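Working notes, structure below.
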Amino acid sequence: MSRIDRRFATLKGTGRTGLIPFVTAGDPSPAHMVALMHALVDAGADLIELGVPFSEPMADGPVIQHASERAIAKGVGLNEVLGWVAAFRRRDADTPIVLMGYLNPVEIHGYARFADEAVMAGVDGVLLVDCPLEESAVLQPLRDAGLQQILLAAPTTAPVRMAQLCESAAGFLYYVSFAGITGAAQLSTSDIATRVAAVRARANAPVAVGFGIRDAASAVAIGGFADAVVIGSALVERLSGATDEAEIAGRARDFLRPIRVALDAH
Amino acid sequence: MSLPPLRTIDFHAWPDAHGRFGEYGGSYVAETLMAPLAELRDAYESLSADPGFLAELDRDLKHYVGRPSPIYHAERLSRHIGGARILLKREDLNHTGAHKINNTIGQALVARHMGKRRVIAETGAGQHGVATATVAARFGMRCVVYMGAVDIERQKINVYRMKLLGAEVVPVTSGSKTLKDALNEAMRDWVTHVADTFYIIGTVAGPHPYPKMVRDFNAIVGREARGQMLEQYGRLPDALTACVGGGSNAIGLFYAFLNDADVRIVGAEAAGEGIATGHHAASLAAGRPGVLHGNRTYVLCDDNGQITETHSVSAGLDYPGVGPEHAFLKDAGRAEYVGITDDEALEAFHLLARTEGILAALESSHAVAQAMKLARELPKDGLVLCNLSGRGDKDVHTIAAREGVVV
């Protein structure tokens with residue numbers, strides 16, 4: 001059983017909703033990245049999504065794009081990201097890590113080499129936004145090495161494809177709560193609830209819902225019918241501009257803790 | 001991947017059902033785009049086999065765009081070079097002054113048949129934006145054009161032209177503020193407004209079915225040219241050349257000739273200040289296979305996979321990727337891709353202006369420069385067919401500024 005599977009089994013056993021923060025690797029500070037990851041876990045993260053910066057983040061909104069640009073300007077690439085995961089693992093053997101990003105950095109790194117290095121570092125899964133199921137043959141070396149490919153599903157996903165995605169889901173299925181980019185605001189909760197319930201009934205893995213969740217209230221609204229909620233842009237925005245370790249860790253904890261508390265109270 | 005000998009490949013059999021040209025192409029997009037792309041693919045497949053749609057397209061190409069465009073023998077230029085005859089396929093004479101309208105008129109018709117009332121586009125030099133704004137006005141559609149802030153500065157006239165045509169031009173200030181950033185932004189708009197919006201992509205890149213659809217609409221250039229060559233010269237040309245940024249005018253000319261194995265095909269990429277300087281946009285000549293903007297193709301990126309900033313004097317060639325079919329043709333050995341520097345393109349621009357009275361677009365001037373090189377290599381009775389993809393009126397300020405002239 002993978003680290004991701006174990007984590008979701010534990011959540012289910014204790015009746016809790018998973019909390020998955022997303023941060024862009026290297027932002028706001030490459031030097032304090034590992035400390036930030038530990039702070040997220042301290043504040044109640046069940047799994048961490050680590051964004052691998054890419055220069056053309058087509059599915060992301062301005063907040064995450066700017067975070068990527070800042071990280072790239074500081075020289076952050078896959079080597080640095082894998083190094084931070086390995087350093088994080090020295091103190092935390094249980095919290096699953098999913099690398100989220102785009103295909104080109106992995107393609108250029110080399111699929112087989114990436115698979116080996118990622119497993120060695122302690123990465124558990126990858127979510128490559130621009131690699132849909134249809135193009136996933138190239139990721140076979142990653143799956144062979146034991147990395148779980150996290151798939152996305154959306155409200156626009158056609159029924160036949162949804163069945164395929166539910167069938168192929170591993171780790172968890174990431175349900176994009178509306179047809180937009182990260183960090184946008186609109187969200188019709190009851191509509192999402194119906195759709196997510198249908199997906200959860202069929203998927204071979206737990207369902208995490210993301211895109212548009214900004215605070216405790218929206219997290220609780222979604223958390224009522226999802227196995228986990230993902231919070232990205234709002235957190236990245238909160239961290240942006242922090243410089244020293246105490247400030248970064250403090251902002252992460254102050255942002256995430258109320259959400260954890262609210263999720264656990266419902 | 002090892003490929004079979006050239007003459008045994010049917011180059012008209014690509015892409016396959018998944019939009020792949022060999023190992024290139026495909027649909028590398030976020031889940032939210034899979035459904036709209038499938039809707040577009042289905043609509044395009046049925047329309048492209050519909051005689052009524054094709055007749056409608058032909059009518060507009062003839063009466064609105066002004067097709068067919070002539071093939072002109074540039075005699076004085078050829079004599080000046082002293083080699084083979086240089087023939088120009090005059091896409092600069094189309095309505096709006098470039099080949100781009102062949103594609104936008106086609107996509108706007110597809111949009112209309114799909115019931116979409118709003119069209120969006122990205123643009124680099126502004127030519128595709130103007131061509132999109134034009135057809136949006138022609139069909140009474142709302143039009144939003146995304147353009148990098150740097151390009152807006154470089155192409156003020158085209159920006160104003162789009163506004164005159166009723167389009168909204170949105171400056172993009174992220175990244176390098178050029179074409180690739182405008183493309184990201186347009187893709188985001190599409191994801192967010194997919195129900196009523198049609199994304200008119202301006203080149204043979206992007207996810208399937210765009211590389212195929214844009215090629216099909218531009219292939220009129222080569223189809224016409226092949227017929228005109230046989231009719232006027234009794235034979236096919238010895239060599240073809242066209243400039244390659246994303247590669248739509250080039251594939252438009254090349255496609256009809258791909259199975260004519262004796263016709264040499266050369267794409268001219270922007271070598272900028274020289275490929276060795278790193279300041280260029282020659283994805284095929286100097287890049288490597290990667291994944292960008294929805295397809296696998298040759299890209300310019302660093303060892304971290306980050307797309308690198310490109311340079312060319314011509315905004316329309318300033319793009320770090322290239323259409324996947326060109327990547328396929330390169331690997332198959334069917335076409336060669338070479339770099340033309342800013343200086344070579346400008347020299348060709350001036351020479352064509354003075355010997356033939358034609359102001360070529362800076363993009364097309366790269367093709368003219370390459371045609372001059374090919375003409376020098378071939379005997380006097382040889383024929384080099386060059387795609388003069390656009391006119392240069394939009395570039396006179398850029399050229400004046402570069403040469404220190406106050407207009």
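Predicted, not measured: the structure shown is a model, and the values here were computed from it. Lettering of chains follows the sequences in order, A, B, ..., and the numbering in each one begins at 1.
We find that Arg288(B) and Glu107(A) are not joined by a salt bridge, their nearest charged nitrogen and carboxylate oxygen being 4.0 Å or further apart.
Side-chain contact between Glu134(A) and His208(B) is absent, with no heavy atoms from C-beta onward closer than 4.5 Å. A heavy-atom distance below 4.5 Å is found between the side chains of Arg188(B) and Pro57(A). At least one side-chain heavy atom of Val138(A) sits under 4.5 Å from a side-chain heavy atom of Arg296(B).
Neither the backbone nor the side chain of Leu151(A) comes within less than 4.5 Å of any heavy atom in chain B. Contacts of Val76(A) with chain B are made by backbone atoms alone, with heavy-atom separations under 4.5 Å and no side-chain atom involved. For a residue to count as touching a neighbouring chain, one of its non-hydrogen atoms must lie under 4.5 Å from one of that chain's; by this rule Leu292(B) touches chain A with the side chain only. Only the side chain of Ile72(A) comes within contact range of chain B, with heavy atoms under 4.5 Å apart.
A pairwise comparison of heavy atoms in Val291(B) and Asp130(A) identifies CG1-OD2, 4.1 Å as the closest pair. What you find for Ser55(A) and Asn184(B) is that their closest heavy atoms are O-ND2, 4.4 Å. Gly305(B) and Phe54(A) get closest at one heavy-atom pair: O-CE1, 3.2 Å. Here the closest heavy-atom approach between residue Thr156(A) and residue Thr32(B) is recorded as OG1-O, 3.6 Å. Closest heavy-atom contact between Glu69(A) and Ser174(B): OE2-CB, 3.9 Å.
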Practice problem: Kindly indicate, with the supporting measurements, whether the criterion side chain to side chain donor-acceptor pair (under 3.5 Å) is fulfilled by Glu31(B) and Thr157(A). | Solution: CA-CA 7 Å; Glu31(B) 180 60 31; Thr157(A) 303; 2.8 Å; yes

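Heavy atoms from other residues, nucleotides or ligands lying under 6.0 Å from CZ of Arg200(A) number more than 12. Atom CZ of Arg143(A) is surrounded by more than 12 heavy atoms from other residues, nucleotides or ligands within 6.0 Å.
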Anything under 3.5 Å between a donor and an acceptor, one on a side chain of residues 117-124 of chain A, the other on a protein residue two or more places apart or in another chain? List them.
residue, atom, partner, partner atom, Å
Glu117(A), OE1, His109(A), NE2, 2.8
Glu117(A), OE2, Arg113(A), NE, 2.9
Asp124(A), OD1, Arg3(A), NE, 2.9
Asp124(A), OD1, Arg3(A), NH2, 3.0
Asp124(A), OD2, Arg3(A), NE, 3.3
Asp124(A), OD2, Arg89(A), NH2, 2.9
Asp124(A), OD2, Ile97(A), N, 2.8

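Of the listed residues (Gly26(B), Ser27(B), Cys301(B)), the one with the most heavy-atom contacts under 4.5 Å to chain A is Ser27(B).
Between the side chain of Gln306(B) and the main chain of Gly77(A), no donor-acceptor pair closer than 3.5 Å is present.
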